[in-house]
Structure formats: structure tokens, C-alpha cells
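Quick notes on the structure that follows.
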Number of protein chains: 2
Amino acid sequence: MNGSTPTPARTTRQRTEVTALLQEVNDFLTAQQLHGLLRERGAKVGLTTVYRTLQRMVETGEVDATRTPDGEQLFRQCSRSRHHHHLVCRMCGRTVEIEGPAMERWTEKVADQHGYTDIAHTLEIFGTCSACAR
Amino acid sequence: MNGSTPTPARTTRQRTEVTALLQEVNDFLTAQQLHGLLRERGAKVGLTTVYRTLQRMVETGEVDATRTPDGEQLFRQCSRSRHHHHLVCRMCGRTVEIEGPAMERWTEKVADQHGYTDIAHTLEIFGTCSACAR
DNA sequence: ATGAACACGATAATCGTTTTCATTTAGGAG
DNA sequence: CTCCTAAATGAAAACGATTATCGTGTTCAT
Ligand SMILES: [Mn+2]
Ligand SMILES: [Mn+2]
Ligand SMILES: [Zn+2]
Ligand SMILES: [Zn+2]
């Protein structure tokens, strides 16, 4: 009874299993890696559904997506829903969520000064975590 | 008398034309866009060669490469060799080179605070330039 | 001028991701 | 609970950017 349909979002076995896996895994993984893990644990979920579910969760903001240097997409369920970035260990993938209000303002300012609108940005910090450093 | 083979780098008509185009165009463009521009001006260069040439120039440092949010590669011959970032129009590729010393220091600090070493980062700002906004 | 190494490019192959579409399922109405 | 239908699934095919092949053409040191 409404003019616009927001988002149906039905609870299916597949979505439940994808969500559960993302809950456990705390690193950035590709859709195919996640699909592989699901199969390992016996969950029967099609790769297509994994992609679709991840895509939906990214749109919802439940999941964060980034890309490897090769351009492959990586997904991760982040703890905070607010806009943030990541500090990632290039060895083990251990990730720390970070925020930088000052930096955010700076990007807006710079883009605006040059007449750019509809601004977006990507920032990733890579390093070697203390555990991997030894 | 060297253990490693640096790079032959022969001068061919194709490489000359790709280099010339990169000189003129001061924006981030995809390999296919560059290839299209070459064909427009009558230069007969294969797409494969455009890709190969760009890849080589990226390795040499002559060309900067980044990716669109869609994961597509963008290439550009930058004016400054010093570390910098880009403000890119997602429509036409018009690019502004930017520096952010404060932001640079911030990334170092954050990474250090979390015990990460050997720090590196990527930052790209995307927007719609004033010309494409209309 | 020669020729071996290098480069070109049409074509096929990769490979991550998306689209198709026939079939199944969730979940609200009755 | 039963029905109905829009939503979801997934096997298969399509897509699209990039890379690998490999026979042919070019460069450049000798
Ligand atoms: Mn940000
Ligand atoms: Mn920087
Ligand atoms: Zn690590
Ligand atoms: Zn533009």
C-alpha cells in the first residue's frame, strides 16, 4: 500500500549462512573465498547468490567492499556502520577500522575548491602488523 | 655486465604515438579510451599494444595507474614525480594532482599507533568536474 | 646489409562478475 | 493451514576488461 518499495529482504537459508560466515571471519575475503568456505562447512549456496547477497549488504552498509591491487573485490563485515577506512596488514590481512574526521573534511575542501561535486573517496593504509613483523 | 636485465625499450611507431597521446591528454583514461583516441587521429595501434605499452610505462614509473570504483584501470602521465594523489572526474577523467602533508602524517601516525610498520597507502578522490556537471 | 631479439596485433583464452530464466521458496492474505 | 505471488535461487550462458598465443613484421647492434 505504498508508492515506493524500499527493500523486501526475505530471510532465506542462504542469506543466513552468508551472514553467519561474515560474522565469524574478520578479514577481507573475495566472494569466491567466502563461497569456498561455505562449501567447506557443508552449506549449499550458489556462487551467484553469494555475489548477490554481498552486493545487497554492501548497498545496505552492512558490509564493506574494497579491492585488491589486482582489482578483485574484497568483502568484510565491519563493526561500525559509520563511514570509515582500513589499516590492513599486507601479510595476514588483519584489519583495523579507522576514522579521520580531519582528513574527511580535507578531501571535501580540496574537491570543492577545484569545482568538483558529488565527491567520494577511497583510502586504504597498508602495513605489516606487529605480529607479522617478527 | 649486470645480473638483471633492465629493459630493452625499443623505439617503435606505436610506442611513440602512445607516448605522444599521453603527453597531450592530461587525464586519467582507460586503455580502451586511449586506444579509441589513437584510432580517431588515424594512428594504427593495436589495443594489445596499448595495454602492453601502458603496463611497461607503469613499471618504469613514467605513468601512474589507478582504478575506477568499478575496478577498471586508469592511466595518466603525471607531471610531478613526487608522491601525490588525485582528484579525478568520474565522467571524463579530468584530473588534479593534490598533496596533503597533514593527511600523510596522519596516516603514518595512525598506522604507527596500531603497531603497523612499513606503511603505505592509497588515496583517490572522485567527483564530477564542473564541465561534466552541467 | 643481416639476423636475432624484440615488438606487433589479430585472435583466443582468462577470469571475476553479471544476466538469464526456469524453478523453488518465503511469507502475507484469507 | 492453504494459496498465491513476488522474491530468491542457481545452473548455465553472457559479459567485459585484461592477458596469453603465436605467426609475422621491425629494430638496431654488428
Ligand atoms: Mn573517508
Ligand atoms: Mn599520500
Ligand atoms: Zn599481519
Ligand atoms: Zn569531467
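In the text below, chain A, chain B and the rest are named by the order of the sequence lines, each starting its count at 1.
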Tell me every residue that passes ring-ring contact (aromatic ring centres under 6.0 Å, His included) with A/F28, counting only those two or more places apart in sequence or in another chain.
A/H86
The complete set of ring-ring contact (aromatic ring centres under 6.0 Å, His included) pairs with one or both residues in residues 90-119 of chain A, sequence neighbours excluded, reads none
Closer than 4.0 Å, any side-chain N/O of A/Q73 to the OP1 or OP2 of C/dT17?
yes
B/Q33 atom CD is separated from D/dG16 atom C1', nearest whole Å, by 14 Å
Going by the rule side chain to side chain donor-acceptor pair (under 3.5 Å), which residues pair with A/E99 if we only count those two or more places apart in sequence or in a different chain?
A/R80, A/R82
Could you tell me which residues satisfy side chain to side chain donor-acceptor pair (under 3.5 Å) with B/H121, sequence neighbours excluded, listed by chain and number?
B/H83, B/H85, B/E104
Produce a footprint string for nucleotides 24-30 of chain C: one letter per nucleotide, 5' end first; B if the base is under 4.0 Å from any protein heavy atom, S if only the sugar-phosphate is, - if neither.
-BBS---
In this structure, how many angstroms lie between the C1' atom of C/dT17 and the CG atom of A/L74, rounded?
14 Å
D/dT18 P sits how many Å from A/R67 CZ, rounded?
11 Å
What integer distance in Å separates A/R56:CZ from C/dT18:C1'?
15 Å
Measure the distance from CG on B/D70 to P on C/dG16 and round it to the nearest whole Å.
18 Å
Without decimals, in angstroms, what is the distance between A/E72 CD and C/dT18 P?
12 Å
How far apart are the closest heavy atoms of A/A120 and B/R90, and which atoms are they?
CB-NH2, 3.7 Å
Taking only residues two or more places apart in sequence or in another chain, which ones pass side-chain contact (heavy atoms from CB on, under 4.5 Å) with A/I119?
A/E108, A/A111, B/I125
Contacts of A/R13 that satisfy side chain to side chain donor-acceptor pair (under 3.5 Å) - sequence neighbours left out
A/E17
Using a 4.0 Å cut-off on heavy atoms, which residues in residues 39-55 of chain A reach DNA chain C? List them by number, or say none.
A/T48, A/Y51, A/R52, A/Q55
Could you tell me, to 10°, how much the axis swings from one end of the helix from C/dA1-D/dT30 to C/dG30-D/dC1 to the other, five pairs per end?
30°
Taking only side-chain N and O atoms of B/Q14, does any of them lie within less than 4.0 angstrom of OP1 or OP2 on C/dA7?
no
Could I get the full list of side-chain contact (heavy atoms from CB on, under 4.5 Å) partners for A/R105, not counting sequence neighbours?
A/P101, A/A102
Residues forming a side chain to side chain donor-acceptor pair (under 3.5 Å) with A/D112, sequence neighbours excluded:
none
Rounded to whole Å, how long is the line connecting atom CD of A/Q32 with atom C1' of C/dC15?
8 Å
Kindly give the heavy-atom pair with the smallest separation between A/A31 and A/L47, and that separation in Å.
O-CD1, 4.2 Å
For atom CD of B/E17 and atom C1' of D/dT26, their distance in whole Å:
15 Å
Sorted by first residue and then second, give each salt bridge (Lys or Arg N to Asp or Glu O under 4.0 Å) pair with at least one member in residues 32-41 of chain A; sequence neighbours left out.
A/E24-A/R41
